[in-house]
Each structure stands twice: as C-alpha cells, then as structure tokens.
Amino acid sequence: MADLINIKFPDGKSSKIEKGLNGHDIAKQISMSLSKAAIAFKVNGEILDLSRTIEDDSEIQILTKDNSDALDIIRHDCAHVMAEAVQILFPGTQVTIGPSIENGFYYDFARKEPFTTNDFKKIEKKMVEIINKNENFVREEWSKEKAIKFFTKKGENYKVELINDLPKNEVITIYKQGEWLDLCRGPHMPSTKHIGKSFKLMKVAGAYWRGDSSNIMLTRIYGTAWRNDQELKDYLHQLEEAEKRDHRKLGREMDLFHFQEEAPGAVFWHPKGWSLFQSLINYMRDRQDKENYVETNTPDMMDKSLWEKSGHWEKFGENMFTTEAKEEKIFAIKPMNCPGAVEIYKQGLKSYRDLPLRMSEFGKVHRYEPSGALHGLMRVRAFTQDDAHIFCTEDQITSESKKVCDLILSIYKDFGFNDVRIKYSDRPEKRVGDDEVWDKSEQALKDAMEATDLEYSLNPGEGAFYGPKLEFVLRDAIGRDWQCGTLQVDLNLPGRLGATFVDEDGQKKTPVMLHRALFGSLERFTGILIEHYAGHLPIWLSPVQVVIATITSDTDDYGYEVLNKMKSEKIRVEIDTRNEKIGYKIREHSNLKVPAILAIGKKEAEEQTVSVRRLGSQESKVYKLDEFIKSLKNETLNKN
RNA sequence: GCCGCAGUAACUCAGGGGUAGAGUAAUUCAUUGGUAAUGAAUAAGCCGGCAGUUCGAUUCUGCCCUGUGGCACCA
C-alpha cells in the first residue's frame with residue numbers, strides 16, 4: 001500500500017492522498033470539471049505547474065483562470081508563445097527575458113533590425129496558430145552544464161549569460177512547448193490553448209540588456225493578455241479613457257498652457273493655466289501660514305562656488321544650467337532652493353529659541369533633465385517647488401516630521417486624494433553624518449510615518465547620502481500612483497554651509513534641516529490634478545468659475561450687471577454675448593469645463609434671477625442673483 | 001542620453017515625385033434664439049529645419065530640432 005500524506009484545502013477540509021500524486025491527479029479527485037479548468041496549483045503558498053508532484057503534507061489550492069493569480073500565469077505563458085512566434089518568423093532573433101507585468105507582459109529580443117508595429121499582425125497570427133496547436137508546457141530540469149551547452153550551440157548568448165550567473169549547483173528549469181523551449185522558472189499552465197485569444201500586442205520599445213544603460217539596447221515587445229475578450233475590451237477601453245484625461249490634450253483644449261520648440265521642457269502658462277497655478281500657490285501659502293511658516297525668496301542664479309560648497313556641483317553639476325555674464329564668474333541657475341535657504345538662515349545670530357524655523361519658498365528651479373525624460377507637465381526642466389526648509393534641533397525632528405505628515409495628508413484630502421501611501425528610505429552605504437544622528441533621524445521619520453496610520457513600504461538603503469527620507473505617493477481617480485510630497489532629513493548641508501545656532505548652554509551648534517515639498521512640483525501637481533479631475537476642476541480651482549451666456553442681445557445689459565456684481569465679489573466670471581444660440585454657448589462652455597453656466601434671458605432680467613446649469617448636469621435651476629452669489633462663495637470656500 | 005514612431009491650416013487629421021485637401025475653429029453676412037452644434041459666403045499653409053538625389057522634393061535619402069511610446073535617469 002502506497003504512503004499517504006495529508007493535504008489541506010483553503011476551505012479547511014483536508015484529506016489523505018497517495019504520496020507522489022501531481023496537481024492534475026488531485027484536481028481530478030475533486031471533480032472532472034475542476035481538472036479541466038485547472039491551470040496550476042498552489043502548494044504551501046507557492047504556485048506550481050499541475051505536473052508537479054506532492055511528496056509531503058501540504059496546503060493545496062487548485063487554481064483556475066478565475067483565481068487572482070491566474071493573470072500572471074496567462075501573461076507569462078503568452079510571453080513564451082510570443083517569443084516562439086517571433087523566432088519562427090524572424091530567424092536569428094535571440095531571446096532574453098520575458099516576464100509578466102501589470103496588465104500584460106513583454107519579451108526582450110536581440111535582433112539587428114528592430115521590430116515595428118507593422119510586424120504585430122504577423123506575430124499575433126502566428127501566436128494564435130501556436131495556441132491552437134495546444135502544445136503542452138513541459139517542465140524539465142537540466143544541469144547547468146547541459147543548459148549552457150545547449151544554449152551556446154543555439155547561439156542564444158544572452159541566455160548563456162543568464163545561466164552563467166546562476167549559482168553553481170542550481171537546477172536549471174526549462175519549459176518546452178512543442179519544439180520551442182526557454183530557460184524559465186515557471187510556473188506555466190498545462191498547455192498553450194489555456195491562454196485563449198484575449199491578448200494583443202501593444203507597442204515596441206527599446207530596453208537595455210539587464211536594465212543597464214551601458215549595455216546594448218534590445219527590442220522589447222509589450223503585450224496585454226486577459227482571461228476573456230470582455231476583460232481585454234474593458235482594459236482597452238480604460239486606456240482610451242485615460243487618454244481622454246491626458247493633461248497635454250486637456251491643457252490645449254482648456255487653453256491652460258503650451259510648450260514650444262524654443263523652450264523644451266519649460267511651460268508657457270496661459271492666463272487660465274496661470275490662474276489655476278496661482279490658486280494652488282495661494283492655497284498652499286494659506287495652509288503654511290496657519291502652520292507658522294515664513295515665506296522667503298532666493299536668487300535664481302548664484303555663483304558656482306556656492307554649489308561647490310553645498311556639494312551639488314560635484315554630484316549634479318552635469319545636470320545644472322550655467323550662465324556667464326561678461327565677467328569671468330560662472331553662475332549656476334538653481335536646481336534646488338536649499339542653499340539659498342541656508343544663506344538666509346545664516347543672516348544674524350540664531351538662538352535655540354528661534355527654532356524650529358520653518359522657511360518656505362515657492363522657488364523655481366531648473367534642472368537639465370535628459371531629453372527622453374521630458375513629458376508634458378509631469379517632467380519638465382523648469383519647475384516650481386512648494387519648498388520649505390525647517391531648521392530645528394535634533395530633538396525637534398520627530399515633532400516637526402509629524403507636523404509635516406499631518407499637513408500633507410490634510411492637504412491631499414482637499415483635492416480628493418484619500419488613498420496615500422508612504423515610502424520610507426533609510427541610510428545608504430555611502431553617507432555623511434554620525435550613526436547616532438542617523439539613528440535619531442530614522443526613528444523620527446518612522447515615528448511620524450507610523451503616526452499617520454497609512455500603508456507604507458520600506459526602501460532599505462535608498463535614502464539620500466545626507467539623510468533618510470519619506471516620499472508620499474497618492475492614487476488618483478483612475479488608480480494611478482503619483483509620487484508628490486517628500487520629507488527629508490538633512491544632516492549635511494547646514495554644517496557644510498556653516499549654519500549654527502546658540503544652544504541653551506551657550507554653545508554654537510549645527511541645526512538639523514528638514515527639506516519638504518508637499519505638491520512637489522507645482523507644474524507636475526497641476527498636471528496630476530487635470531488628469532485626476534479629467535479637466536472638471538472643482539470650482540475653487542477653476543480658472544473660469546462662471547460664464548454668463550445671454551440668450552438674446554436684449555438681455556446683454558442685465559448680463560453685464562450680473563458680470564459686474566460677481567466680479568466685485570471676486571468670482572472669476574466671463575460673459576458670452578456672441579450672436580449664437582444658447583444651445584451652442586452651453587455646448588461650448590461645457591466642453592471648456594466651466595463649472596457653472598448662467599443662461600440669461602428676458603425672464604431672468606425681469607426677475608433679477610439667473611438660470612444656472614452646472615457642469616455635468618442636464619438640468620438648470622433658477623436662483624435669485626444674490627442667493628446664487630452667496631451659495632457660490634460658500635462653495636468656493638469649502639474645498640471638498 | 002538610447003531604441004522605435006511622428007511633425008501638412010489655429011485644432012484634429014487625410015494625401016502623395018509635377019500649382020496642397022477635409023472637418024472643426026476664424027472672418028463676413030443673414031438670423032435674436034430658452035439649455036450640448038442656425039445657415040451661407042470668405043479667407044487661411046516655407047507640408048519642422050538644413051543638406052543631398054532629381055528637370056522638378058511637401059513626398060525619396062542623410063543629418064539636426066521638437067514631440068511621442070518605452071528604456072535609462074529623476075538632488
């Protein structure tokens with residue numbers, strides 16, 4: 001009689017089975033339909049091919065396409081099939097790596113001629129052929145020597161390199177589908193037909209071998225794959241919706257800003273965009289005032305020597321703009337505001353009684369970003385930070401950090417960002433400052449972070465050389481993550497630039513400096529807001545809050561009366577007296593995302609009312625003019 | 001910076017070795033109207049820049065610029 005082992009299922013039931021059965025067998029014992037639907041199984045938390053056998057007591061879960069883990073496997077299988085298709089169609093192409101990723105998969109190929117999207121149809125067709133052949137995914141274990149020999153002979157130099165880097169006695173696993181095979185850790189589904197046809201190749205891109213820019217560039221093909229056609233369709237639809245929110249498109253349509261060739265990576269803010277930008281600054285200024293910040297402003301250009309002293313030149317000199325006047329001095333355009341802040345701090349003797357000193361600056365900085373990195377407002381070469389530097393004692397780091405965290409979350413809430421997470425980075429290998437102070441700063445940030453009750457992740461060793469940091473990542477209305485705020489402890493710069501304070505004991509000491517930005521880059525934050533709101537800015541941010549649309553020219557006078565009254569109440573209002581029908585005006589201003597359109601005709605003029613149509617609503621409501629102004633002002637003050 | 005793709009009217013885009021096309025917007029005229037497009041007419045372009053091939057280049061080739069999708073980078 002064969003040995004029996006215990007297996008336990010997720011529902012808590014357990015049973016005894018013969019030792020050495022594989023996933024297929026186990027699924028079959030449960031039901032035929034399950035065995036047909038099974039694509040893999042989870043053994044003690046690890047996902048394995050159904051062909052793997054169970055030798056010991058285990059917790060087991062049979063996976064079907066309905067499980068959340070399934071997509072990963074489908075996509076990984078799809079990557080293999082794509083690689084086979086490519087190698088059939090384009091002999092001589094070498095394969096490298098091809099993982100599943102969020103929403104899909106990719107495979108990196110080495111080929112003299114890069115692929116183009118014109119090749120996609122052919123490749124997709126071949127993939128369908130392979131899937132229809134329903135080849136089994138067969139797992140084999142090879143010795144390292146065998147694998148190296150095989151792939152060397154095949155001319156797959158990248159695979160050989162990968163295998164060479166594996167530990168000496170590592171068992172190499174190979175997955176075969178028909179004639180084609182790949183070095184792969186698995187797991188895979190039983191056969192190619194399980195992949196189905198709900199996949200699509202999306203784009204080609206260059207990608208460095210092993211992600212290192214000093215290596216050769218490979219051609220990457222991205223694809224997406226789903227359980228069924230509906231999921232694929234939904235995903236493609238979601239992409240289209242995201243495209244409609246693109247801040248570059250909306251920025252043009254709403255007449256907010258533009259870019260042009262002469263100033264790559266620098267924004268031309270149009271009146272409406274600048275209004276939005278200023279609203280954000282005013283808002284932040286107001287919030288910071290309440291937290292006892294003082295606002296400063298520092299020079300845009302300072303002698304190179306200051307940047308050498310601060311250490312920026314050595315580290316980032318390559319990415320700084322410089323300029324020369326007729327004298328010999330070289331001026332650097334500031335890439336950061338902090339050295340300027342320290343220089344202000346240094347004016348006059350500071351006492352411990354002056355600390356913490358919270359100095360803010362809406363500083364415009366310039367950084368020579370690599371050309372390929374530029375992207376609308378999201379990545380520019382000239383941007384404005386809502387920066388602040390908090391000079392404090394070591395003992396104040398914790399309380400100040402907590403205050404920053406509270407402020408940041410409260411501010412994000414006002415924009416409807418309720419899903420925020422934190423990334424915490426602690427000391428890197430190369431660093432300045434005593435370990436004792438690092439201990440203190442790291443603990444301070446950690447305490448502050450934990451007090452927020454937010455989800456956080458740790459990035460060990462990823463801190464700046466001068467101190468640990470927190471980064472705040474917010475999730476927008478369609479689930480995309482944006483890193484915005486940052487809080488960094490700086491144990492370096494104040495000392496480097498000679499900032500001191502006189503402590504209680506009469507001794508001169510070096511203060512600690514906290515760098516913090518909440519929006520981060522105003523430009524980028526504006527872009528994020530445009531996409532987050534899909535252009536439908538809340539009324540307190542909207543550049544034009546109200547448009548008055550007259551129905552006939554007879555009512556222009558009353559229209560202007562309304563306009564002036566609203567203007568005197570500081571409402572951002574425009575009037576449209578053009579010779580157009582009211583439907584046309586409604587449509588146009590709706591497309592421009594104006595939050596409130598007031599239609600004004602004879603009736604309104606007679607009764608001193610306005611007929612208000614709010615953006616997104618099909619209906620209009622009639623208000624007494626004064627009442628409407630009052631409610632509007634009220635709404636503008638309430639940010640949510 | 002690297003790989004791919006793109007650049008034609010204000011915008012969105014079609015075209016293609018031989019005088020440049022559409023829709024929307026603009027301008028003018030008529031129309032004064034009640035909540036997502038009133039009608040007609042007119043005007044509008046160094047076809048991103050510089051070279052080359054050609055009798056002739058917006059079209060083909062090369063280089064550059066800018067944008068774009070990725071990769072790398074992001075104090």
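Each chain gets a letter, A, B and so on, in the order the sequences are listed, and its residues count up from 1.
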Take atom [atom1] of [X] and atom [atom2] of [N], then tell me their distance rounded to the nearest Å.
| X | N | atom1 | atom2 | result |
| --- | --- | --- | --- | --- |
| A:E580 | B:U28 | CD | C1' | 13 Å |
| A:Q483 | B:C74 | CD | C1' | 10 Å |
| A:M378 | B:U68 | CE | P | 12 Å |
| A:E462 | B:C74 | CD | C1' | 13 Å |
| A:E261 | B:U68 | CD | C1' | 14 Å |
| A:I600 | B:G34 | CD1 | P | 16 Å |
| A:E369 | B:G67 | CD | P | 13 Å |
| A:I97 | B:C71 | CD1 | P | 12 Å |

Classify the nucleic acid contact of [X] as base, sugar-phosphate or nothing, counting any heavy atom under 4.0 Å across all strands shown.
| X | answer |
| --- | --- |
| A:H515 | nothing |
| A:S611 | base |
| A:T552 | base |
| A:A205 | base |
| A:R613 | base |
| A:I551 | base |
| A:K315 | nothing |
| A:K585 | nothing |
| A:D554 | nothing |
| A:R248 | sugar-phosphate |
| A:R367 | base |
| A:Y466 | sugar-phosphate |
| A:Q488 | sugar-phosphate |
| A:G467 | nothing |

Taking the [atom1] atom in each of [N] and [M], what is the distance between them to the nearest angstrom?
| N | M | atom1 | answer |
| --- | --- | --- | --- |
| B:G48 | B:G15 | P | 15 Å |
| B:A9 | B:G45 | C1' | 5 Å |
| B:U24 | B:U38 | P | 12 Å |
| B:G17 | B:U61 | C1' | 14 Å |
| B:A25 | B:C11 | C1' | 7 Å |
| B:G7 | B:C47 | C1' | 9 Å |
| B:U59 | B:G49 | P | 10 Å |
| B:G70 | B:C64 | P | 24 Å |

Look at atom [atom1] of [X] and say whether more than 12 heavy atoms of other residues, nucleotides or ligands are closer to it than 6.0 Å.
| X | atom1 | result |
| --- | --- | --- |
| A:Y560 | OH | no |
| A:E262 | CD | yes |
| A:E619 | CD | no |
| A:K346 | NZ | yes |

Nearest-nucleotide pick for [X], side chain only, options being [options]:
| X | options | answer |
| --- | --- | --- |
| A:I586 | B:A75, B:A36, B:G1 | B:A36 |
| A:Y584 | B:A37, B:G69, B:G34 | B:A37 |
| A:P114 | B:G1, B:G4, B:G70 | B:G4 |
| A:S620 | B:C71, B:A75, B:U35 | B:U35 |
| A:L374 | B:C73, B:G67, B:U38 | B:G67 |
| A:R252 | B:C11, B:A25, B:C2 | B:C11 |
| A:A599 | B:A26, B:U35, B:U38 | B:U35 |
| A:Q618 | B:A36, B:C73, B:G69 | B:A36 |
| A:F316 | B:U35, B:A75, B:G70 | B:A75 |
| A:R379 | B:C74, B:A26, B:G4 | B:C74 |

For A:E635 and A:Q545, does a side-chain donor sit closer than 3.5 Å to a side-chain acceptor?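 No, no side-chain donor-acceptor contact under 3.5 Å.
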
Could you check whether A:T555 and A:E604, counting side-chain N and O atoms only, form a donor-acceptor pair closer than 3.5 Å?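 Checked: A:E604/A:T555 side chains show no N/O donor-acceptor pair below 3.5 Å.
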
Quick one: does A:T526's side chain have a donor or acceptor within less than 3.5 Å of a partner on A:L522's backbone?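 Answer holds: yes.
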
Would the distance check show the side chain of A:R572 and the main-chain N or O of A:S542 forming a donor-acceptor pair, the cut-off being under 3.5 Å?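 It does hold such a pair.
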
Once pairs are restricted to Watson-Crick or G-U wobble with both distances under 3.5 Å, how does RNA chain B read as a dot-bracket string, [ ] for crossings and | for other-strand pairs? (((((((..((((....[..)))).(((((.......))))).....(((((..]....))))))))))))....

Would you kindly check whether a donor in the side chain of [X] faces an acceptor in the base of [N], or vice versa, at under 3.5 angstrom?
| X | N | answer |
| --- | --- | --- |
| A:E604 | B:G34 | yes |
| A:R210 | B:A72 | no |
| A:Y208 | B:G70 | no |

Enumerate the side-chain hydrogen bond (donor to acceptor under 3.5 Å, both in side chains) contacts for residues 245-257 of chain A, please, sequence neighbours excluded, ordered by first and then second residue.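 side-chain hydrogen bond (donor to acceptor under 3.5 Å, both in side chains) check on residues 245-257 of chain A returns A:D246-A:R248, A:H247-A:E531, A:K249-A:E253, A:D255-A:H270.
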
Trace of the ring-ring contact (aromatic ring centres under 6.0 Å, His included) decision for A:H532 with A:F417: CA-CA 9 Å; A:H532 173 61; A:F417 298 118; 4.1 Å; yes

Closest-nucleotide ordering on RNA chain B, the 5'-leading residue of A:K469 and A:K203: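 Its nearest nucleotide being more 5', the pick is A:K203.
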
Which sits closer to the 5' end of RNA chain B, A:R220 or A:N591, going by the nucleotide each is nearest to?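 Comparing both residues, the 5'-ward one is A:N591.
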
Hey, does the side chain of A:H375 come within less than 4.0 Å of B:G69's phosphate (OP1/OP2), counting only N and O?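 Yes.
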
Using only side-chain N and O atoms of A:S213, determine if any of them is under 4.0 Å from OP1 or OP2 of B:C2.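 Negative; the distance criterion is not met.
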
Cation over ring face, A:R220 and A:Y106, 6.0 Å, 45°: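 That pair qualifies as a cation-pi contact.
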
Over 60° means perpendicular and under 30° means parallel, so classify the ring planes of A:H76 and A:H80, tilted if in between.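 Rings of A:H80 and A:H76: perpendicular, over 60°.
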
